[in-house]
Amino acid sequence: MPLILKLNGLFNTFGASSSVIIRVLTEDGCVVNQVVRENQVIVVVGETGSGKTTQLTQYLHEDVYTKGAIIGCTQPRRVAAMSVAKRVSEEMETDLGDKVGYAIRFEDVTSPNTVIKYMTDGVLLRETLKDADLDKYRYAPSDSSQYFIFFGIFCTLDLFNLMDDGTHERSLSTDVLFGILKKVVSRRRDFKLIVTSATLNAEKFSNFFGSVPIFHIPGRTFPVNILYSQTPCEDYVEAAVKQALTIHLTSPPGDILIFMTGQDEIEASCYALAERIQQLVSSSSRAVPELSILPIYSQLPADLQAKIFQPAAAGARKCIVATNIAETSLTVDGILYVIDSGYGKMKVYNPRMGMDALQVFPVSRAAADQRAGRAGRTGPGTCYRLYTESAYLNEMLPNPVPEIQRTNLGNVVLLLKSLRVDNLLDFDFMDPPPQENILNSMYQLWVLGALNNVGGLTEIGWRMVEFPLDPPLAKMLLMGDRLRCTDEVLTIVSMLSVPSVFFRPKDRAEESDAAREKFFVPESDHLTLLNVYQQWRVNQYRGDWCNDHFLHVKGLRKAREVRSQLLDILKTLQIPLVSCGMDWDVVRKAVCSAYFHNAARLKGVGEYVNCRNGTPCHLHPSSALYGLGYTPDHVVYHELVLTTKEYMQCATAKLHNSSVCLVHPSVTFLREFERREREREREKERGR
DNA sequence: GAGCACTGC
């Protein structure tokens with residue numbers, strides 16, 4: 001059992017100046033700094049509102065033994081990194097970017113003076129690429145005192161905090177960082193690591209780093225009374241609507257937050273709620289107070305999203321119906337009642353078929369607690385769970401399945417290979433992804449030419465690591481260089497890196513479909529994306545032009561941002577920006593080169609099968625290839641997504657007269673690959 | 001003849 005130290009009240013001076021804390025702590029014998037001196041790694045359980053992201057870093061910085069140290073602190077979101085850095089720079093009375101700074105994808109607000117640096121975990125992961133031992137976070141002792149040798153470098157790996165609000169999910173980056181940091185810690189005695197954690201995970205993290213001590217910092221939230229359904233609920237949309245009405249008519253003032261799984265359910269609940277209220281108003285003699293019903297999900301246009309933060313009219317109550325966006329990504333004050341359906345959508349990946357699917361799952365206990373906590377930010381609240389206590393205790397997983405176990409690992413494999421982790425199956429993952437998943441990603445990288453026959457990075461592989469892109473897209477970019485069409489490929493890659501730019505409101509479906517078809521380039525969705533972007537550019541990147549053509553302005557602007565970042569990387573690699581003009585057949589060759597693993601041949605009407613594994617795949621009705629009047633005999637596709645069928649998202653047909661072979665000779669290589677795997681297995685067994 | 005939980009480099 002790891003040692004658990006309770007330091008109650010230690011950081012409860014949240015909001016007070018840091019000097020007060022320092023005094024209190026230095027007068028106290030048992031202080032965190034001392035524990036940090038005595039331990040290379042600690043786990044800190046900080047409850048909501050404990051101030052661990054803002055106070056802990058300052059405290060470490062002000063400790064006399066850490067003078068000269070650089071403190072890094074990761075945050076799960078970009079806004080969090082920015083706003084925490086701003087706040088701490090104000091508290092320390094320095095300019096943002098001077099002593100206190102932050103780094104996120106498109107912005108590096110740090111200077112040589114920076115001693116406390118907030119960043120997203122993805123940025124830190126990228127830093128490990130250039131600097132595997134994180135030497136930047138090294139302390140150069142100006143004093144020869146022996147004591148100094150071991151102290152000075154702190155890296156607060158803050159995985160579970162959005163501002164002062166706990167979250168519980170581990171991203172792909174944090175899971176990889178865990179393994180890398182464990183190595184760094186063992187190599188460098190002068191490197192200190194503080195992992196902050198939710199209560200549920202603390203012991204697991206502690207064990208991963210070798211049973212390191214755990215600290216507890218209490219928070220400042222209000223109690224939430226949790227009420228369960230007596231019986232399992234058949235229709236949680238109906239149950240949620242009923243519960244919301246009951247609260248509205250019988251409970252004291254305070255806003256309501258309902259958790260649903262997606263857009264459809266949210267729209268259905270909002271509609272039902274509005275209808276019931278209307279019925280009550282017309283049938284009841286009693287006055288029915290006003291209820292302001294507000295949907296929120298990420299796809300909702302920004303101006304409608306902003307409405308949830310506006311205070312309700314006098315005497316009215318707000319009822320927000322949300323996806324799990326309200327679980328972690330945004331916080332609304334004034335919520336006293338939470339209604340939790342107990343479900344959420346999650347992306348799952350099937351490595352064997354190379355297919356993604358978005359599916360509804362029961363949420364984890366940690367997520368359910370997070371949802372309940374949303375009722376306790378302004379005062380004591382209530383959470384109505386539309387499931388039984390027994391379901392909570394016996395059927396829900398304690399934690400969500402980490403992303404690393406349910407996603408394509410192409411990027412992770414490439415990254416680890418570049419860090420010279422030779423045997424990925426031996427890498428110290430806290431929760432190792434399925435072996436099949438790793439092998440499949442390795443195979444894919446080998447097909448793309450990024451790995452050689454013995455699993456090492458090739459010249460192309462090393463260059464692919466430079467790009468913050470999935471391996472196939474990085475390959476497409478490099479092929480664009482070889483085929484002298486970097487300009488066009490750069491645009492396609494950027495467009496594929498943002499959510500679909502086509503806007504299709506339900507009530508104007510036909511109109512928007514017609515608008516989309518105007519951009520079609522025959523036989524290619526990739527070239528259609530290129531066409532959209534180029535026309536937008538011709539029209540001076542105008543917002544009103546987007547609206548006229550049913551395109552998402554936000555998405556296109558993001559694509560432009562991504563494009564300019566990738567262009568910078570091309571410059572540093574000394575790859576020139578070359579346009580092939582209107583000779584787009586050459587662009588199609590680059591596109592094909594990226595998707596050997598996603599090549600399919602025609603099998604029936606509109607039905608294809610993957611050339612390698614025989615997975616059925618269908619053309620999506622929104623594809624430029626759909627209404628051609630004929631179906632090309634070979635296509636490549638960006639990804640396969642399971643909805644009502646296995647649909648190919650973004651497809652391009654093979655050129656009729658092209659000598660480009662869509663079926664990579666790898667089909668025979670695969671057999672060779674598998675044979676070697678089997679041989680290795682056998683050798684292992686013989687060894688035993 | 002049809003879909004979109006949510007981040008991040």
Side-chain angles (χ1 to χ4, degrees), chain A residues 74-81 103-108 119-130 159 162 167 169-177 259-267 296-300 322-330 341 343-348 356-361 363 367 400 402-404 406-407 411-412 414-415 464-471 473-474 497-506 509-510 512-513 516 552 555 558 561-562 565-566 568-569 605-606 618-623 626-627 639 641-649:
Chain A
T74 70
Q75 295 285 309
R77 305 265 189 280
R78 296 164 58 166
V79 273
I104 57 176
R105 176 161 175 170
F106 291 107
E107 268 180 281
D108 185 354
M119 65 203 127
T120 48
D121 40 25
V123 167
L124 184 60
L125 189 57
R126 282 271 144 190
E127 279 186 10
T128 64
L129 278 181
K130 304 263 182 296
L159 309 178
L162 173 62
T167 78
E169 276 192 54
R170 275 151 45 196
S171 71
L172 199 59
S173 312
T174 52
D175 262 29
V176 178
L177 273 172
F259 283 102
M260 289 287 160
T261 68
Q263 186 177 344
D264 280 353
E265 280 176 10
I266 288 174
E267 280 168 5
I296 178 100
Y297 45 89
S298 79
Q299 298 274 336
L300 196 73
T323 58
N324 36 24
I325 193 172
E327 207 174 280
T328 51
S329 297
L330 53 88
S341 65
Y343 290 92
K345 281 188 187 171
M346 209 168 51
K347 205 170 183 176
V348 285
D356 276 317
L358 203 59
Q359 288 177 348
V360 174
F361 288 100
V363 298
E403 191 186 2
I404 196 157
R406 51 182 174 88
T407 192
N411 245 330
V412 174
L414 198 62
L415 196 95
M464 280 166 65
V465 182
E466 299 287 332
F467 299 97
L469 290 169
D470 281 336
L473 295 183
S497 302
V498 300
S500 171
V501 296
F502 295 110
F503 180 49
R504 193 174 188 270
K506 274 198 188 97
E510 281 184 26
S512 54
D513 283 347
R516 192 185 62 243
H552 278 124
K558 178 94 183 161
E561 234 180 24
V562 171
Q565 190 200 16
L566 294 174
D568 285 344
I569 296 172
V605 184
H618 304 263
L619 282 176
H620 195 271
S622 68
S623 168
Y626 194 82
E639 56 181 3
V641 177
L642 178 71
T643 50
T644 47
K645 276 183 194 165
E646 302 88 346
Y647 282 111
M648 296 181 276
Q649 305 275 324

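Please read these numbers as outputs of a predicted model, since none were measured by experiment. For the numbers below, each heavy atom of this structure counts, side chains included, while hydrogens, waters and symmetry mates do not.
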Round to the nearest Å and state the distance from Y343(A) atom OH to dC6(B) atom P. 20 Å
Sugar-phosphate, base or nothing in reach of D513(A), heavy atoms under 4.0 Å: base
Identified side-chain contact (heavy atoms from CB on, under 4.5 Å) counterpart of D121(A) within the set L172(A), V176(A), D175(A), T74(A): T74(A)
Students often get this wrong, so: under 4.0 angstrom with heavy atoms, is Y297(A) touching a base, only sugar-phosphate, or nothing? sugar-phosphate
For a quick check of understanding: with a heavy-atom distance under 4.0 Å over all strands, which category does I104(A) fall into, base, sugar-phosphate or nothing? sugar-phosphate
Let's see if you can work this out: which of dC9(B), dC4(B), dC6(B) has an atom nearest to the side-chain heavy atoms of R78(A)? dC9(B)
Starting at atom CD1 of I296(A), determine the distance to atom P of dA5(B), rounded to an integer number of angstrom. 13 Å
Given dC9(B), dC6(B), dA5(B), the nucleotide with the shortest approach to the side chain of R105(A): dC9(B)
Can you tell if the side chain of L124(A) reaches within under 4.5 Å of the side chain of S173(A), non-hydrogen atoms only? no
Measure the distance from CG on L358(A) to P on dT7(B) and round it to the nearest whole Å. 13 Å
Taking the side chain of P621(A) as heavy atoms from C-beta outward, which of dG1(B), dG3(B), dT7(B) is closest to it? dG1(B)
Q75(A) CD to dG8(B) C1': how many Å, rounded? 14 Å
Just to confirm, is there a sub-4.0 Å distance from OP1 or OP2 of dC6(B) to any side-chain nitrogen or oxygen of T323(A)? yes
Verdict with supporting geometry, T261(A) and E265(A), side chain to side chain donor-acceptor pair (under 3.5 Å): CA-CA 7 Å; T261(A) 68; E265(A) 280 176 10; 2.9 Å; yes
Please determine, for the side chain of I325(A), which listed nucleotide (dC9(B), dG3(B), dC6(B)) has the closest atom? dC6(B)
Side-chain heavy-atom pair N411(A), P471(A) within 4.5 angstrom cut-off: yes
Rounded to whole Å, NE2 of H552(A) lies from P of dG3(B) at a distance of 18 Å
Closest to the N324(A) side chain, choosing from dC9(B), dG1(B), dA5(B): dA5(B)
Categorize S500(A) for me: base, sugar-phosphate, or nothing, with a 4.0 angstrom heavy-atom threshold over every strand shown. nothing
Per atom distances to the Y647(A) side chain, the nearest of dC9(B), dA2(B), dT7(B) is dA2(B)
Got more than 12 heavy atoms from elsewhere within 6.0 Å of CD, Q359(A)? yes
Starting at NZ of K347(A) and ending at P of dC4(B), how long is that distance when rounded to a whole Å? 12 Å
Specify the separation, in whole Å, of atom CD of E561(A) and atom P of dC9(B). 11 Å
Select base, sugar-phosphate, or nothing to describe what S173(A) touches, counting heavy atoms under 4.0 Å on all strands. nothing
Rounded interatomic separation in angstrom, taking NZ from K558(A) and P from dC9(B): 7 Å
Taking the side chain of T644(A) as its heavy atoms from C-beta onward, which of dC9(B), dG3(B), dA5(B) lies nearest to it? dG3(B)
Q299(A) side-chain proximity, nearest of dA2(B), dC4(B), dT7(B): dC4(B)
